[in-house]
Amino acid sequence: MIQNKMNLDFEPTILGITVLVLSISQINEALQSLLLLATIVYTIIKIYQLLQKK
């Protein structure tokens, strides 16, 4: 009985860690996309400013 209870306590922990790792990787993907977008926008603004100076 005690062994069975241990297994039930152990499985959700593995599931929880898996979900946590997956959500962290999804957050990282979203942040990378945001960073890429911000970099592109910043570059376009800088190019536009350089063209305006001439």
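In this chain, residues are counted from 1 in sequence order. Given the structure is predicted, the values throughout are model-derived calculations rather than measurements.
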At what distance, to the nearest 0.5 angstrom, does CG of Leu36 lie from CG of Leu31?
12.5 Å
Roughly how far apart are Gln49 CD and Gln52 CD, rounded to 0.5 Å?
9.0 Å
In a check of side chain to side chain contact (heavy atoms under 4.5 Å, CB included) between Thr43 and each of Val41, Ile47, Ile45, which one passes?
Ile47
Other than Ile24, what residues sit in its cluster of Ile, Leu, Val, Met, Phe, Trp and Tyr side chains whose heavy atoms are under 4.5 Å apart, directly or through others?
Leu20
Distance col, row Thr39:OG1 vs Ile44:CD1, nearest 0.5 angstrom, shows 11.0 Å
Measuring from Ile40:CD1 to Leu35:CG, what's the distance to the nearest 0.5 Å?
10.0 Å
Is Tyr48 isolated, or which residues cluster with it under the ILVMFWY side-chain rule of less than 4.5 Å, directly or via members?
none
